[in-house]
Amino acid sequence: MFDTVRLRARGIHIDPERLTNLYHNNQDNVTLRRNITGDGVVVTSYELHIDKQLPYIKYVAISGTLTIQVSISKFLHGDNITMVTESDVSRFFELLQSKLFDLLGVLVEHEQWITERVDLCYNFEVESVSDCMKQIAMLRLPRRNTVTYNHNETVVFKNKSNTVKFYDKEKECSDKRASGIVRMEIEASYAELRKYSHPRRAVDLLTKRFFLNQMDYFLPQITEKLDGLNLENFSDEWLRSESIQNIERAIGFRMLQQRVDESTLINLYKSGTYRSRLVLVKSMTPLIKVNQFDLSIDDRKLG
């Protein structure tokens, strides 16, 4: 359900002597900065890259602000292929607490963590990753730019608030366990985090309910456009079952649906014609369901 998270806790006191020792003993992996504010206050911060399991830790002494960034899957499983379940999140909080106590001598309660970033993800298992990615790359979503990389190996739908990304997981990580997986990732926006949990508490956001809340909003925007006509694979049986005029109308309208955002498409048609095209494609879809890519969430995998 989740991959990279960035969490922050305030009011955390770390023994200055412990920090000094960490810096002197790990100068290649600990960065010490001292900045002077306009009021002449010295602000000391440490960036620690001393633990493979928890690769990024930052501490600002004057405010007692502790920030960590980590892939939950890598933290728990050593890879970011394995899907994180709800029970994994509980284990993540426990192990994170133990790890920070061992490294820094502090006990951070789970409820103290505030979410600055969370990437939600899901692995869809499909028969042909390249065909699925090719179809996704054709889509155009309202108020989002579509960007593709490496011959459709990665497709990103983005705006100023957040990004929704699909990519070929096997090519991204060169691991056989990722074979046949199309990965979907959502970097939740600040507004969405606050909408669901105003204080952005990690214990509220790193949950199955928040994951499904976001997926239920974003995923239908993709699947509704994918469902229906695959413009390259319609059957001879379908061609014989409909009038050629309706086939041409359906194919043309379906192509425009996939490649043009809805507001633009509506303006291309008279209102009555637009509605009749919607009815036509909807009536024909059950007969020509050729999209073989099941991009649906299996609740059993969420734990």
Check whether any side-chain N or O of Glu187 sits under 3.5 Å from a backbone N or O of Asn162 as a donor-acceptor pair, and report yes or no. no
Keeping the roles fixed (side chain from Gln221, backbone from Tyr217), state whether a donor-acceptor pair exists under 3.5 Å. yes
From CA spacing to verdict: side-chain hydrogen bond (donor to acceptor under 3.5 Å, both in side chains), Thr85, Asp88: CA-CA 5 Å; Thr85 66; Asp88 284 333; 3.2 Å; yes
Okay, side chain of Thr154, backbone of Tyr167: is any donor-acceptor separation there less than 3.5 Å? no
Does a side-chain heavy-atom distance below 4.5 Å link Lys171 with Val129? no
Ser73 side chain to Val84 main-chain N or O, any donor-acceptor pair under 3.5 Å? no
Are Glu153 and Met133 packed together at the side-chain level, in the sense that at least one heavy-atom pair is separated by less than 4.5 angstrom? no
Test of understanding: clusters of I, L, V, M, F, W, Y form through side-chain heavy atoms closer than 4.5 Å, transitively. Do Val203 and Leu206 belong to the same one? yes
Polar side-chain atom of Thr146 near backbone of Leu139 as donor-acceptor pair, under 3.5 Å: yes
Between Tyr269 and Arg275, is any pair of side-chain heavy atoms under 4.5 Å apart? no
With the side chain counted from C-beta on, respond yes when Leu107 and Gln97 share a heavy-atom pair under 4.5 Å apart, and no when they do not. yes
Rounded to the nearest 0.5 Å, what separation is found between the CG atom of Leu76 and the CZ atom of Phe92? 7.5 Å
Show every salt bridge (Lys or Arg N to Asp or Glu O under 4.0 Å) that has at least one partner inside residues 53-74, sequence neighbours left out. none
Sorted by chain and number, sequence neighbours left out, ring pair (Phe, Tyr, Trp, His ring centres under 6.0 Å) with Tyr196 holds for Phe210
Can you establish whether the number of heavy atoms outside Lys208 located under 6.0 Å from its atom NZ is more than 12? yes
Give the minimum heavy-atom separation between Gln53 and Phe75, together with the two atoms involved. NE2-O, 2.8 Å
Would you check if the side chain of His49 reaches a backbone N or O of Asn29 as a donor-acceptor pair within less than 3.5 Å? no
Separation between NZ (Lys169) and SG (Cys121), nearest 0.5 Å, reads 7.5 Å
Is the backbone N or O of Glu109 less than 3.5 Å from a side-chain atom of Gln112, with the two atoms forming a donor-acceptor pair by type? yes
Looking at Glu125 and Lys301, is any side-chain nitrogen of the basic one under 4.0 Å from a carboxylate oxygen of the acidic one? yes
Which residues pass the ring pair (Phe, Tyr, Trp, His ring centres under 6.0 Å) test with Phe101, not counting sequence neighbours? none
Salt bridge (Lys or Arg N to Asp or Glu O under 4.0 Å) pairs touching residues 5-24, sequence neighbours excluded, are Arg6-Glu116, Arg8-Glu116
May I ask whether Tyr190 and Leu205 are part of the same hydrophobic cluster, defined by side-chain heavy atoms of I, L, V, M, F, W, Y residues being less than 4.5 angstrom apart, directly or through others? no
Leu302 side chain near Leu212 side chain, heavy-atom distance below 4.5 Å: yes
Starting at CZ of Arg249, measure out to CG of Leu280 and round the result to the nearest 0.5 Å. 7.5 Å
Heavy-atom pair of closest approach, residues Ile14 and Leu66: CD1-CD1, 4.4 Å
Please say whether more than 12 non-hydrogen atoms of neighbouring residues, nucleotides or ligands are located less than 6.0 Å from NE2 in His151. no
Under 3.5 Å, is there a donor-acceptor pair between the side chain of Asp51 and the main chain of Leu54? yes
Write down the atom of Ser276, the atom of Thr273, and the distance for their closest heavy-atom approach. OG-O, 2.7 Å
Please say yes or no: joined through hydrophobic side-chain contacts below 4.5 Å, possibly via intermediate residues, are Val5 and Met83 part of one cluster? yes
Mind checking who shares a hydrophobic cluster with Tyr56, ILVMFWY linked at side-chain heavy-atom distances under 4.5 Å? none
Checking side chain to side chain contact (heavy atoms under 4.5 Å, CB included) for the pair Ile68/Leu96: CA distance, chi angles, key distance, verdict? CA-CA 10 Å; Ile68 62 112; Leu96 175 62; 4.2 Å; yes
Tyr59 side chain to Ile12 backbone, donor-acceptor under 3.5 Å: yes
Connected-component partners of Val60 among ILVMFWY, side-chain separation under 4.5 Å: Val41, Val43, Ile62
Tightest non-hydrogen contact, residues Trp113 and Leu7, listed as CE3-CB, 3.6 Å
What one should report as the nearest heavy-atom pair of Glu86 and Met1 is N-CE, 3.4 Å
Single-linkage hydrophobic cluster, 4.5 Å side-chain cutoff, Ile186 and Leu193 together: yes
Would you check if Phe166 and Ile222 make a side-chain contact, meaning some heavy-atom pair closer than 4.5 Å? yes
Under a 4.5 Å cut-off applied to non-hydrogen side-chain atoms, are Ile57 and Leu103 in contact? yes
Would you say Ile297 and Ile181 are hydrophobically clustered, going by side-chain heavy atoms of ILVMFWY under 4.5 Å? no
Between Phe2 and Val89, does the side chain to side chain contact (heavy atoms under 4.5 Å, CB included) criterion hold? Intermediate values first, please. CA-CA 9 Å; Phe2 305 102; Val89 173; 4.0 Å; yes
As an exercise, state the distance from CG of Asn26 to CG of Asn21, rounded to the nearest 0.5 Å. 10.0 Å
Check against side chain to side chain contact (heavy atoms under 4.5 Å, CB included), Tyr122 and Phe211: CA-CA 10 Å; Tyr122 193 83; Phe211 170 81; 3.9 Å; yes
To the nearest 0.5 Å, what is the distance between CG (Leu256) and CG (Leu265)? 6.0 Å
Whether Thr207 side chain and Asp204 backbone form a donor-acceptor pair below 3.5 Å: yes
In the structure I gave you, are the side-chain heavy atoms of Phe157 and Ile136 within less than 4.5 Å of one another anywhere? yes
Please determine whether side chain to side chain contact (heavy atoms under 4.5 Å, CB included) holds for the pair Tyr46 and Val30, giving the CA-CA distance in whole Å, both sets of side-chain angles, and the decisive distance to 0.1 Å. CA-CA 7 Å; Tyr46 295 83; Val30 177; 4.3 Å; yes
Pair Arg91 + Glu94, salt bridge at N-O below 4.0 Å: no
Minimum-distance pair of heavy atoms, taken over all atoms of Ile81 and Arg177: CD1-NH2, 4.1 Å
With rounding to the nearest 0.5 Å, note down the distance linking CG in Leu120 to CD in Glu192. 10.5 Å
